[in-house]
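Read through the structure below, which is laid out as structure tokens, and then see the notes.
Values below: every heavy atom of this structure, side chains too, minus hydrogens, waters and symmetry copies. Keep in mind it's a predicted model, so treat the numbers as computed, not measured. In what follows, chains are A, B, ... by sequence order, proteins preceding strands, each numbered from 1.
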There are 2 protein chains.
Amino acid sequence: MTLEQSEYPCPIERTIQTIGGKWTFLILRNMFQGENRFNQLQRNLDGISPRTLSLRLKELEQANIIIRNVFPETPPRVEYHLTEKGEELRPIFVTMKTWGNKWEIMKP
Amino acid sequence: MTLEQSEYPCPIERTIQTIGGKWTFLILRNMFQGENRFNQLQRNLDGISPRTLSLRLKELEQANIIIRNVFPETPPRVEYHLTEKGEELRPIFVTMKTWGNKWEIMKP
DNA sequence: CGGTATCCTCGATGATACTG
DNA sequence: CAGTATCATCGAGGATACCG
């Protein structure tokens, strides 16, 4: 498969815009590992503010990458789950992990 | 291959930080297609300022993704080429292209 | 041609307090 | 618990002019 840029809008660009944010790919990585609750994610994402986490989750929900499930309990419980579209991002993460492991920082 | 986050620093994070910038992945996509001169890249990257292109190219050079080659001619000629490390980013782009094509904008 | 130098803008994020 | 509201900050990038 080649990488022409003639296609509009560029599929690579859309993919990067979907997962490439400062926090977005970290959120997704945690979800691939099974994390799915708000505070659980916030604890695992060191330094993220609730505001930013909330904004990114809504973004992912709007892009149909994840689904938000509210359980009517007290205290309230909300779970986020990957859709099929979200699950299929996994190969991208695996490929990135392979490259990142092979070429450690500053390794020529 | 799984996606534990126990590895430090996270290889996925390093990969995203290497290629995930607003312009960086577009520069690389053009280089995968053979573009390798400064003004050529600037023309193909609609809207990029020479300042930003210069900054990103230096960044990629420092990360050993590309090599800068100066030819002592007039007018000056400079060519950028992917290293092996840079070439091996291609599978990531291919995987992203596949996903981006399958899941078009807003497609559930 | 292949950049650098300056100045400026703006959106993404942080910090924090509060709430159903 | 799972957010929202408000205000402040900060750095990436844009515009533009100039240079060897």
Between CG of B/Leu53 and P of C/dA5 the distance, given in whole Å, is 16 Å

- Donor-acceptor contact below 3.5 Å, side chain A/Thr95 vs main chain B/Pro91: no

Among D/dA2, C/dG3, C/dC1, the one nearest any side-chain atom of B/Asn39 is C/dC1

Review point. Counting N and O atoms only, with roles assigned by atom type, does the side chain of B/Thr18 sit under 3.5 Å from a partner on the main chain of B/Arg14, one being a donor and the other an acceptor?
Key: yes

Side-chain contact check for A/Pro76: nearest option of C/dC1, D/dA5, D/dC1 is D/dC1

### Query
Are A/Glu88 and A/Lys85 close enough for a salt bridge, meaning some N to O gap below 4.0 Å?
no

Taking any heavy-atom pair under 4.0 Å as a contact, classify B/Gly47: base, sugar-phosphate, or nothing. sugar-phosphate

note: A/Gln42, atom CD; C/dT16, atom P; distance rounded to Å ~ 13 Å

Notebook entry, point to check: Between A/Lys58 and A/Glu61, is there a side-chain N and carboxylate O pair less than 4.0 Å apart?
Noted result: no

Comparing nearest nucleotides in DNA chain D, the 5'-proximal residue of the pair A/Arg51, A/Glu79 is A/Glu79

D/dA2 phosphate, OP1 or OP2, under 4.0 Å from A/Arg68 side-chain N/O: no

Exercise for the section: Remember a base hit wins even if backbone is also touched, and classify B/Tyr80 as base, sugar-phosphate or nothing at under 4.0 Å, heavy atoms. Expected result: sugar-phosphate

A/Leu55 atom CG is separated from C/dT13 atom C1', nearest whole Å, by 9 Å

(Q) Check the phosphate of C/dG14 against A/Thr52, side-chain N and O only, distance under 4.0 Å to OP1 or OP2. Yes or no? (A) yes

*Can a side chain N or O of A/Lys58 be found less than 4.0 Å away from OP1 or OP2 on D/dG3?*
no

Atom CG of A/Asp46 and atom P of C/dG14 are separated, to the nearest Å, by 11 Å

Judged by nearest nucleotide, the residue sitting upstream toward the 5' end of DNA chain C, B/Arg43 or B/Pro50, is B/Arg43

**Item:** Phosphate OP1/OP2 of C/dG2: any B/Arg37 side-chain N/O under 4.0 Å
**Value:** yes

- Query: For B/Arg77, which contact category applies under a 4.0 Å heavy-atom criterion: base, sugar-phosphate, or nothing?
  - Reply: sugar-phosphate

Taking D/dG13, D/dG3, C/dG3 as options, the one with an atom nearest any side-chain atom of B/Ser54 is C/dG3

Taken to the nearest whole Å, CH2/A/Trp23 to C1'/C/dT13 is 10 Å

Rounded to whole Å, CD1 of A/Ile48 lies from C1' of D/dA2 at a distance of 14 Å

Without swapping roles, check the side chain of A/Thr15 against the backbone of A/Pro11 for a donor-acceptor pair under 3.5 Å.
yes

B/Lys22 atom NZ is separated from C/dA12 atom P, nearest whole Å, by 10 Å

Taken to the nearest whole Å, CG/B/Asn36 to C1'/C/dG3 is 16 Å

